[in-house]
Amino acid sequence: MHTPEFVIKPRSHTVWEKQCVRLHCTISGCPEPRVVWYKNNVSIDPMATPEKYKVESSYSVHSLEINKCDFDDTAQYRVSAMNSKGETSAFASVVVKRFKGEIDEFLPSPRLPPCLEYGVTFETHLVEKFGVSFGREGETLSFGCSVIIYPSLQRFQPEIEWYRDDKLLVPSKWVQMHWSGDRATLTLSHLNKEDEGLYTLRVITKSGFETHSAYVFVRDADAEVAGAPGAPLDVHSLDANKDYVIVTWKQPAVDGGSPILGYFVDRCEVGMTHWAQCNDTPVKFARFPVTGLVEGRSYVFRVRAVNKAGMSHSSRVSEPVAAMDPADRTRKGPFAPWTGQIIVTEEEPVEGVVPGRPCDLSVIEATKNYVVLSWKPPGEKGHEGVMYYVEKCVSGTDSWQRVNTEIPVKSPRFALFDLAEGKSYRFRVRCCNSAGVGEPSEPTEATTVGDKLDIPSAPGRVVPTRNTDTSVVVSWEASRDAKELVGYYIESSITGSNTWEPCNNKPVKGTRFICHGLTTDESYVFRVRAVNAAGISEFSQESEAIKVKAAIASPTPPYGITVLECVRDSMVLAWKQPTFIGGADITGYFVDYREVIGGVPGKWHEANIKSVSERAYRVSELKENMLYQFQVRAANMAGVGIPSLPSETFKCEEWTIAVPGPPHDLQVQEVRKDSLVLLWKPPVYQGRDPVNGYYIDIKEAEADFEMWRGVNEKATDKTFMKIKDLKMGESYVFRVRAQNKAGVGKASDSTEPVEAVTKPGTAEIVVNVDDDGVISLNFECSNLTADSKFVWSKNYVEMTEPERMTLETKGSKSKAIFKTPSEEDLGIYSCFVTHTDGASASYTLSEETLKELLKISHDHKFPIIPLKTELAVELLEKGRVRFWLQAEKISANGKVEYVFNDNVVHQGEKYKMNFDKNTGIIEMFMESLGKEDEGTFTFQLQDGKATTVSVSLFVILVLLLLFCASVFLFLQVFIFLSTLFSLPVFVPVISKKDAGIYEVVLKDDRGKDTSTLNLTDQGFKDLMNQVFSVIANSSTPLKIQSTEEGIRLYTFVSYYNDELHCTGNRLILVFFIDRARVAGGLPDVVTIQEGKCLNLTCNIWGEPVPEVTWLKNEREMVSNDHYILKFESGKFASFTITSINTSDSGKYSILVKNKYGTESGDFTLNVIENMGDFGVVSYLADADGNVIVGPTTPEPTCRPTTPSTRSVPTTPSPVTPTLTSTPANTNPQNKTRATPTPKNQTPSTERSSTPPAQIPKNQSQGSPTPQNQTSDTLILSTSNTSTPTSGEKSANTSMDNEKITAIPECLCLPLQQWKASGCCDWLLRERPRLFLPLERLIQHSAGTVRPGEQ
């Protein structure tokens, strides 16, 4: 909303007498201003002199027409525009000259004045007026008005005129007009978008005229192809010549959802039906030169748009245009109307002469698709028809090339196509006739091929304002520096839908448009784009959302008029705000008064000429002791409302009471279910002494007068109070009394009833500290209106221009930002939103709260990246060093710099960096250490703003020993260089190659010192003794634990780190991995007689449970009656062959697989012929572990064991295959299974309790021990208790670089036997990481150690 402004001011005129003059101007303003014309400062009434003046106003364009000017019309004319925001004027002079000679025939004929027939004045009324109409392309639309003329004289019929966009319409095949005598009707057949616009009906009588206008909108027809654009519109022909014409059009508002790729132009000769396409490729420019026309014929044109989805409908065809010389077009001669062909009569030819040079050659239009040349024929044509050749050359060269080599052109216009975009060309033209070709014209300046006309820039700020229940007025800032602007397209979208619809399908040239057809009470946003021949601009920014409602109205009357103070000649009045303010802020109030004499009211008088903004006013110049009544009117931008009812009768006499008068202007804010805030203004009349406090009274709205009760026992000195402990849903009224030293004065008028309820969407003020440490109070309102404003207050006093705060409002959010928070800012901050249902909230800033906010603000201004760990250093294998730390939290924008002695180091051969932003771990690996690496290492962390945390570590010297062993235990050896420094040296598995002399160098600015460590010969032996001593003495007795992962062996040690998989100070010596494994149970070779049944069972290990596959001779087996394959409990795989025959011989394998790995086991089965029953069957194993049939059966010396390994030792070992045979018809499932192995554990081997030294002499270590000599089912299990060799790789022992997965079996012997077994030497040589003092090695495995043997 703004004061009126003159976009175009009226221009002064000098005219001849009896001519007409028209003054016009364009005025903008919101609300729309009222315009009045003045002549020499006297207002002009066009109705009083309709024959002289005619005043028109149409969409911000205002005009004054003076008919038949005479000498008296010479004057200064002023036009004044006025609205609620202000008034402005502009001036123009009209000078009328008297013509001394005859009237020039070319001057416009004077307009005849209206004639009054026998003094009759006709009154015209338009009823049943047409409104805003909507149609669709291809439809027929009719609308009109009923006309009532009084008096009705049959022989005097009105003149009916129809206008579209101020252009007079004439009947055509598209437009039909009808007048029935009392109704004017306009019919538009086969609507096209060209028909869209403002239609005006003008009914002219002898006494004047009446008009009515309404807008007609034409929407696009449904596209033939989904997603195709709308049809172009306003196709016209320009610059027509003998064989050439330029076709122009306007781009459609709807592009179908994808950009328009270009346009195709079609032509058709008048009288024909065949359409020919003029361009092979689409052109984007909305102008196109059509060549190759036949002289003398007429053509019509149409245009189609195309995008990636398809082709649009064709536009409406243009008006016919004849291909002929423009000079011939003005000649009068015969023509054939039905074809549009024009017959041209040439001059009689005489002797031919070679024509001269063309002149005034220029480039009149240049795009990237074509260039148009224009020239004038030579002065001496010769005496017969002249034609032209066009030549071109690239700038900078003199190589001219004729363009139209085959046919010369007849028109002094020519369009050149197929030019290289971006290149510069010069052009020239030659004339020719039958006598020859003339000299070329002067060449043009260099012309670069490309679009000379730029697409306009996006329009500026878009402002919607309410108009009606179904329309919104949209105004915008014009596109800057736009050339050849065609107009603007406006689009609307329901807020949040992101679906845009065109408001107009025909470009509008102004910067204001009324968008009709909107949904009442729906919120819309709008955007605008500009159009010219080069294309359509980008969209403007979206407007603010506006709810579609009727335009503002004047407010309802105020009420509750009271007297606040009275003296001898004046009274101070107060009143309450109207219940309905008309949809806009109240701009002021007007007060009237009248005397009441003898009970009879007198005439109303204005108390104030200028409106007052407060709801209190002192009425002066009253008479003492007289009775008065008052009335008040409220005003907004829509106007002044009707007055209130007359007040009570008040007597004008001076108050002399000692107590103060009543407070006034009570307001209620921050209504919640159990509280509210009451505000008031102090009394105008103070009494004898100043007011020193207030009392607040409350009662239920429906309660009797006697139910008033006080809220506060002690008077408050503030003019606000928060009233608590209300009952939810109850309605209350309040009043306030003021007191001074003399006592308590009269109570104020009570408030309107207020219900204690928290309305939906109610928000509170939220305090926020942003990343820059700025403290702000934030309030959001969800039910804003277009006129709503956020009003911030401190201690309920409005902050209009606060010095210590900055107020910002954007959309539905507002914030109050503290500049330099301090104790001066303590208080209650509140925010109230106008034009809502009371949206308000408050926040109390106390001293304690301020301290907390300042601390948070400081932390945000100067943030510190918290660390979980400080910068640490670790020594790794092969001389590598790891520097690392871990931050608690770091964002994706975090950065780190690695600094050594103030120099930034980067990724390279020596340094490897790793920064994991998810875990916050920052690492730097140094491949080797040397003397040059002494100094300070720093990690500089930065996250977000310029705050950096630097963590430094000073490295004096690191002795790094290179080792090649797998996974290591570690030892901290403390070497005290001085009383100030101690150096931990991490020693992995040590061998003789590590012997040598080690030197430590300590230096600073004062000098350096060295210390050496001799680790040769005796020194190395002493170090080894210390290593074993420290390990042994720091450990606790070995313990065993059964877990879900398997059986763990562990001890508690004093020296440990993460490499040893410690939990606290617990060192896990044994644990089991989860890859698929064949834990044991399969022999290498099985030899068995025909007819027997073979059953093999082995343990399978792995998590997740492995997949088991059996193979015979590398081919997969399936379970059937002969081969029974089973896998039970996820741990036991059994293989059974019933009734063995010789065809079962071969190689058998088991393959187990899970996601951690694959393992296989195999055995060979030899089937021999049945050798009969020996009575006693012996099964022996040869040196290779093959099971054979033997002649004797030794006595069993140990119980059968569970299979544990498949490896065949290279040295004699007590392998004890246990075989049991049973009759062939026995159910093969009745068999002995291997002992189940716990999850994630390599199965422990059941051992014979008899030590190797106690094996009977008559039984070799390789002899089998049969368990049951009478059984015919073979159940085989093996146990291996051999001492492994250095090259051994058994199935249940894996010495890798990470974990120990089994213990040598010597560790599972009773303690006394273990000491005597010779395993100590082997353990020290091959497994030093398991070497612990003997008295600490205790095995608790079930069945391995019996009570008393520890």
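- Between Val528 and Pro459, the closest heavy-atom pair is O-CD, 3.5 Å.
- The line from CG of Leu198 to CG of Asp166 is 7.0 Å long, rounded to the nearest 0.5 Å.
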**OP:** Given side chain to side chain donor-acceptor pair (under 3.5 Å), test Thr809 with Ser814 step by step and report yes or no.
**Re:** CA-CA 4 Å; Thr809 299; Ser814 181; 3.0 Å; yes
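- Under a 3.5 Å cut-off, the side chain of Ser312 and the backbone N or O of Ala305 do form a donor-acceptor pair.
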Original post:
Given the rule in the salt bridge (charged side-chain N to carboxylate O under 4.0 Å, His left out) test, do Lys193 and Asp220 qualify, once you have shown the distances and angles that lead to the verdict?
Top reply: CA-CA 7 Å; Lys193 287 180 288 189; Asp220 283 286; 2.8 Å; yes
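- Taking a 6.0 Å sphere around NE2 of His24, one finds it holds 12 or fewer heavy atoms contributed by other residues, nucleotides or ligands.
- The two residues Val283 and Asn279 make their nearest non-hydrogen contact at N-ND2, 3.9 Å.
- Ser237 contributes no side-chain N or O that, together with a main-chain N or O of Val247, makes up a donor-acceptor pair within less than 3.5 Å.
- By the 6.0 Å contact criterion, CG on Asp481 is open, its count of non-hydrogen atoms from other residues, nucleotides or ligands being 12 or less.
- In this structure, Tyr829 has its ring center closer than 6.0 angstrom to the ring center of Phe818.
- Nearest approach of Glu542 to Val525, heavy atoms of both residues: OE1-CG2, 4.0 Å.
- For an aromatic pair to be called close, the ring centres must be under 6.0 Å apart, and Trp162 with Phe130 satisfies this.
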Subject >> Step-by-step side chain to side chain donor-acceptor pair (under 3.5 Å) determination, His236 to Ser318 >> reply: CA-CA 6 Å; His236 292 287; Ser318 69; over 6 Å; no
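- Residues Gln251 and Ile260 are not in side-chain contact: their nearest non-hydrogen atoms beyond the backbone lie 4.5 Å or more apart.
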Original post:
Are Asn778 and Ile765 close enough, and set up right, to give a side chain to side chain contact (heavy atoms under 4.5 Å, CB included), and what steps lead you there?
Top reply: CA-CA 5 Å; Asn778 300 264; Ile765 292 178; over 6 Å; no
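- Looking at Ser213 and Thr200, their side chains do bring a donor and an acceptor atom within 3.5 Å of each other.
- Put simply, the side chain of Lys819 reaches to within 4.5 Å of the side chain of Thr806, judged on heavy atoms.
- Taking every heavy atom of both residues into account, Ser537 and Ala458 meet most closely at OG-CA, 4.0 Å.
- Aromatic rings of Tyr215 and Phe513 (six-membered ring for Trp) have centroids within the 6.0 Å cut-off, being under it.
- Looking at heavy atoms from C-beta onward, Leu777 lies out of side-chain contact with Val766 at the 4.5 angstrom threshold.
- The pair Glu808-Lys815 does not meet the salt-bridge criterion, since no charged nitrogen lies less than 4.0 angstrom from a carboxylate oxygen.
- Under the 3.5 Å distance criterion, the side-chain polar atoms of Asn532 are left unmatched by any main-chain donor or acceptor of Ala286.
- Pairs of residues two or more places apart, or lying in two chains, that qualify as ring pair (Phe, Tyr, Trp, His ring centres under 6.0 Å) and include a residue from residues 476-510 are Trp476-Tyr488.
- Arg287 has a carboxylate O that lies under 4.0 Å from a charged side-chain N of Glu365, or vice versa, which qualifies the two as a salt bridge.
- Using a 4.5 Å heavy-atom threshold, the side chains of Leu186 and Leu201 count as separate.
- Judged purely by atom type and a 3.5 angstrom limit, Asn192 has no side-chain atom pairing as donor or acceptor with the backbone of Leu233.
- Side-chain atoms of Lys610 and Phe590, non-hydrogen and from C-beta on, never get closer than 4.5 Å to each other.
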**OP:** In sequence, state the C-alpha distance, the side-chain angles, and the governing distance for Val35 and Val79, and then conclude on side chain to side chain contact (heavy atoms under 4.5 Å, CB included).
**Re:** CA-CA 7 Å; Val35 176; Val79 57; 3.4 Å; yes
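- At a threshold of 4.5 Å between non-hydrogen side-chain atoms, the residues Leu141 and Ser133 count as touching.
- Cation-pi geometry between Lys39 and Tyr53 is not satisfied (NZ or CZ under 6.0 Å from the ring centre, within 45° of the ring normal).
- Considering all non-hydrogen atoms of both residues, Val306 and Pro229 come closest at N-CG, 4.1 Å.
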**OP:** Output, in order, the C-alpha distance, side-chain angles, deciding distance and verdict of side chain to side chain donor-acceptor pair (under 3.5 Å) for Asp585 and Asn636.
**Re:** CA-CA 6 Å; Asp585 288 332; Asn636 62 9; over 6 Å; no
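- A distance-only check finds no donor-acceptor pair linking the side chain of Ser497 to the backbone of Thr495 [under 3.5 Å].
- Under the 4.5 Å side-chain criterion, counting only non-hydrogen atoms from C-beta, Leu23 is not in contact with Arg11.
- Listed by first and then second residue, the salt bridge (charged side-chain N to carboxylate O under 4.0 Å, His left out) pairs involving residues 502-527 are Glu32-Arg512, Asp165-Lys506, Glu491-Arg527 (not counting sequence neighbours).
- Remark: side-chain polar atoms of Ser830 are not paired, donor with acceptor, to backbone N or O of Ala841 under 3.5 angstrom.
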**OP:** Might you work through the side chain to side chain contact (heavy atoms under 4.5 Å, CB included) test for Glu161 and Leu168, ending with a clear yes or no?
**Re:** CA-CA 7 Å; Glu161 294 179 345; Leu168 182 65; 3.9 Å; yes
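- Residue Glu194 qualifies as enclosed at atom CD: its count of foreign heavy atoms under 6.0 Å is above 12.
- Between the side chain of Ser812 and the backbone N or O of Ser782, no donor-acceptor pair lies under 3.5 Å.
- Taking a cutoff of 4.0 Å between a charged side-chain nitrogen and a carboxylate oxygen, Lys810 and Glu780 do not qualify as a salt bridge.
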**OP:** Evaluate side chain to side chain contact (heavy atoms under 4.5 Å, CB included) for Thr836 paired with Cys781, printing each intermediate quantity in order.
**Re:** CA-CA 9 Å; Thr836 62; Cys781 180; 4.2 Å; yes
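- Crowding of Arg461 atom CZ: a count of heavy atoms from other residues, nucleotides or ligands under 6.0 Å not exceeding 12.
- The distance between the ring centers of Phe217 and His516 falls below 6.0 angstrom.
- Nearest heavy atoms, His62 versus Ser57: ND1-OG, 2.7 Å.
- Between the OH atom of Tyr77 and the CZ atom of Phe91 there is a distance of 14.0 Å, given to the nearest 0.5 Å.
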Subject >> Derivation and outcome, side chain to side chain donor-acceptor pair (under 3.5 Å), residues Ser258 and Asn307 >> reply: CA-CA 7 Å; Ser258 60; Asn307 64 5; 3.1 Å; yes
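- In summary, of the residues considered (Phe285, Tyr263, Phe288), a ring-ring contact (aromatic ring centres under 6.0 Å, His included) with Trp249 occurs for Tyr263 alone.
- Classification of Glu56 and Arg202 as a salt-bridged pair holds, one side-chain N sitting under 4.0 Å from a carboxylate O.
- Of the N and O atoms on the side chains of Ser80 and Glu87, at least one donor lies less than 3.5 Å from an acceptor on the other residue.
- Remark: Arg316 engages Asp195 in a salt bridge, criterion side-chain N to carboxylate O under 4.0 Å.
- By the 4.5 Å heavy-atom criterion applied to side chains, Cys25 and Phe6 are counted as neighbours.
- Note that CG of Asn498 and OG of Ser493 are 6.0 Å apart. Values are rounded to the nearest 0.5 Å.
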